[in-house]
Amino acid sequence: MAESTVLTVPRRIERVAGVVLNWIKRPQRRAADPVQLEASGIGTTVSAPPIAFETRRSWYTESIAEVHCDCSNTSWQALLQEKPRPVPCWTTADLCLQCRSINFDTPLSQLYRTPLVVDVPGNQFNLRCSTKKSECPACRFFATIFLSRGPSADLGTVAEYRLQITHLADATPTITQIRTPNSLMDDAGAITVHNTDGIVPSPGQRFHSSISEKVIACVAPVFDVSKDDRPAGVGLRQIDVASVDYALLRDWITHCQNHHKTVCKSMRSEQEWQTPVLRVIECQTRTVIDAPADCEFVALSYVWGSADGSDSSFKMGPLPADLPQTIDDAIQVVLGLRHRYLWVDRYCINQCDKDEMGSQLSVMDVIYDAAVVTIIAACGDGDSFGLPGVGPRCRREQPTLCLDGRTWVSGLGDVMKLVQESKWAIRGWTYQEGLFSRRRLIFTEEQVYFECNNSCYQESTPFDLHSLVDDKGQGGLCVFNGSFNGNGHHNDLSEIIKTYSQRSFSFPRDILDGLAGVFRFFGSMPSPVRQYWGIPMDYYSQGGGPWPVTHRTISLSDDEFPGYVDAVFARALCWRPEMESPRRVGFPSWSWAGWMSPLYHSYPWDIENSVTNSEIKIWVQRTDSTFDRLDRTLIEKLGTPITSAEMYNPTLCVEAWAIRSRLKRFRGDKYAALDRRSTVQGATYAVFQLGGNQPVPSGRRTIYCPVDLSVEVEDNDELFDQVYDCIILEPEKNGLLTKKVGHTSERIGIVDFEFCYFDVKKQAKIVEKDRKKIKGGIRWGGWKENYNYGHNVWDFLQRYRHTIQLS
């Protein structure tokens, strides 16, 4: 660990004076090999490692020499040295004593063709300054970075932070999304800005609590060919806040088209992606036209904002003169990318035609998959915000310091965080738009970020794209992690539904329409997964999640039994909500879409690999009030992208084993840690009376099973005074708690039979005492607490066959 140098002028004036003297005497260029680096503030000399710089990079230069590809026309070195706007230039004499001690020369070693040595004493600096009120340009530079990335503070506060000279590869979160070979970034130098003890308030100001130390941002020198700098493999560049770099954006797209032909190819054949109606905006004439044959178009994904759709009525021909700023800017981006056509839902779909709306919503997967690239507006609250750097709105200022003729810039914010915190990332309609896009140009308030199914790049950090491995697929670093071709959480329908359920809608009725493209995609796989009101109806025992993406035909299980289709659908009804919530009007209670709560954040469907015969039978009600038994033929009829199947109602007839139960809520903090369903207020349990086919152990009359409630209840709710039918959906695992509402029954919650208690209060005391995993209670397969009769809990519960209509 490098030694930290805390610089306080009154106590260490001699050391600082020595540092300044050493800095004045420093040579203008370091020797190439060996290298002698002065450790600032220590006064010692550290020799560089014996490995020559050019030797360490030889593999890279050789690999580049073998590449004969003209897909990227813009030189990344030229991009690095661009200076879109002039900044005042300062000299070392303008700095305060503490900033003069910073060893700015070490990160420059990679530009001087010398090895970068960072693991030496004197490469850490603890600084303190009065933010923007300081007269020192370096203090203002670092404090601006710190306050913009770290804790919020007023201009009068004093910022305390630590600087660390390191490799660019370690400068997270700035370079988090860059998938360059580590050796490229290991050769590049940077200064990272860290939290220490937060922000020290000025007298009379409110105290800001300290936060743990972390990397706030990084600072790096800008490559400058006029200074005979070595060509950089990767580095930071100065961003033009007023204009995006279209040449760079075109390079990203072209490189993907030429080098990612497997991972980033369309998931549909030419015949599959033909839609009944496809209109586009011709951007040069700004008119809506029918899409020409073999049309290559760009799609737009954005947030409508507060617009009620009154201006979205379809009209062929010229666009309105007063377009929303985001759409107007998107047209400019299309032209800047040297494309011609743009697809925007507002002007390319007849919103007043319900039939056209339905058919277009069901092919969202086709439209966004067919687009050459999708422009994503991950900024602002609506379509009036625009795309920063395209129209009148500029990007946020990038902290820049020019010192002794050398320009230093700050890396910009964590792109993942910027995108995830945007309004775009929380809106339901935009989820499948980004998911099905093969290439995404994501506009944030700081820079443009590109993500395809193989790689991801950002405007502030250009590098040679040929240094990446082609068609490798994402490794979990980006927003969509390679989509359906990656290793992330978009490879399984359960995870997709879970993520989607966390998003919001202006109109709750749109909850399933916003996933219509996803349902179409899964329903058209070689081994399809069809759904009914959002509940998957197919299952293939292959691991990797309950309903993973498949690219091949999977044979049906040899272990199928009579009622297998019923048992598969019954398991899919065992979804768990994140919290209690109100109902979503117009949707059945047995579907997750029928509740306002998102699905549980971790494994909302806890499904085993094998299907157990639950002896359950399920029928689906027709519009004439008759019922059809659920089988594979009916699944074919029901598995339409839009859930409002014409011939059927969302009412199920279920015949299954059932157990009578009551609800009981235990209040208090000591119950909060009992299991994952417990809240800070306590825990809710289903209470069952014992007395089945086997003798009940002495003194045992009831058992308590935890419940994931869907419905909102209060402590004095009448629900706690009633008796309920608990339908066994999975023997020894899950039961559906229902209550009677009129002529039908509705879901209350899911009962977990896997972990039960004889005495909840006793278990709460155990947990409260040691805060360890609960050891007591009972599990299926035997009694705990020295009781083991060779019978499972099923034998001690009073079961009965029961038939209900579930709505």
Side-chain angles (χ1 to χ4, degrees), residues 4-10 12-13 15-26 28 38-42 83 85-109 111 118 122-150 153 155-166 168 171 174 189-196 199-200 215-222 224 227 235-238 397-412:
S4 176
T5 306
V6 181
L7 299 172
T8 55
V9 176
R12 303 196 179 180
I13 187 67
R15 173 176 288 187
V16 174
V19 171
V20 175
L21 182 61
N22 286 339
W23 187 90
I24 295 174
K25 294 180 178 180
R26 80 194 194 289
Q28 292 301 311
E38 293 177 349
S40 175
I42 303 298
K83 296 181 177 62
R85 66 187 187 282
V87 294
C89 195
W90 308 88
T91 65
T92 304
D94 298 314
L95 305 184
C96 64
L97 286 179
Q98 66 172 358
C99 290
R100 292 180 194 177
S101 67
I102 301 173
N103 191 0
F104 286 98
D105 229 23
T106 298
L108 294 176
S109 60
L111 301 180
V118 300
N123 277 347
Q124 292 185 7
F125 308 90
N126 288 349
L127 302 182
R128 177 186 176 99
C129 73
S130 181
T131 66
K132 296 181 179 180
K133 290 188 176 181
S134 173
E135 296 183 358
C136 172
C139 281
R140 295 197 301 269
F141 175 61
F142 287 113
T144 299
I145 297 171
F146 177 77
L147 295 178
S148 63
R149 303 293 176 206
L155 295 181
T157 58
V158 176
E160 286 190 347
Y161 49 90
R162 181 172 64 87
L163 303 182
Q164 169 73 53
I165 296 176
T166 185
L168 195 59
T174 305
I191 301 176
T192 52
V193 183
H194 299 249
N195 265 329
T196 53
I199 299 179
V200 180
V215 178
I216 297 296
C218 79
V219 172
V222 174
D224 193 341
K227 297 182 179 297
L236 298 182
R237 64 186 288 242
Q238 188 178 354
E397 286 289 337
Q398 179 186 26
T400 306
L401 172 68
C402 182
L403 183 64
D404 294 327
R406 170 71 63 183
T407 301
W408 296 78
V409 294
S410 167
L412 300 176

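Note that the structure is a prediction, hence the values are computed from the model and not measured. The first residue in the sequence is number 1, and the count goes up from there.
- Within the model, atoms OG1 of T144 and CD of Q398 stand 12.5 Å from one another, a figure rounded to the nearest 0.5 Å.
- Distance check, rounded to the nearest 0.5 Å: OG1 of T400 to CH2 of W408 gives 13.0 Å.
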Stepwise side-chain contact (heavy atoms from CB on, under 4.5 Å) check, V222 with R237: CA-CA 6 Å; V222 174; R237 64 186 288 242; 5.8 Å; no
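- Because its NZ or CZ atom is both nearer than 6.0 Å to the ring centre of W90 and within 45° of the ring axis, R140 counts as a cation-pi partner of that residue.
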Check against side-chain contact (heavy atoms from CB on, under 4.5 Å), V219 and F141: CA-CA 10 Å; V219 172; F141 175 61; 3.7 Å; yes
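- Taken to the nearest 0.5 Å, the OG1 atom of T407 stands 12.5 Å off from the CG atom of L236.
- Atom OG of S410 sits about 12.0 Å away from atom CD of E397, to the nearest 0.5 Å.
- The CZ atom of R100 sits 8.0 Å away from atom OG1 of T92, with the distance rounded to the nearest 0.5 Å.
- Qualifying side-chain contact (heavy atoms from CB on, under 4.5 Å) partners for C96, counting only residues two or more places apart in sequence or in other chains: Q98, C99, C136, C139.
- Taking CG of L95 as the start and CG of D404 as the end, the distance is 7.5 Å to the nearest 0.5 Å.
- Across every non-hydrogen atom of P137 and D94, the tightest pair is CD-O, 3.5 Å.
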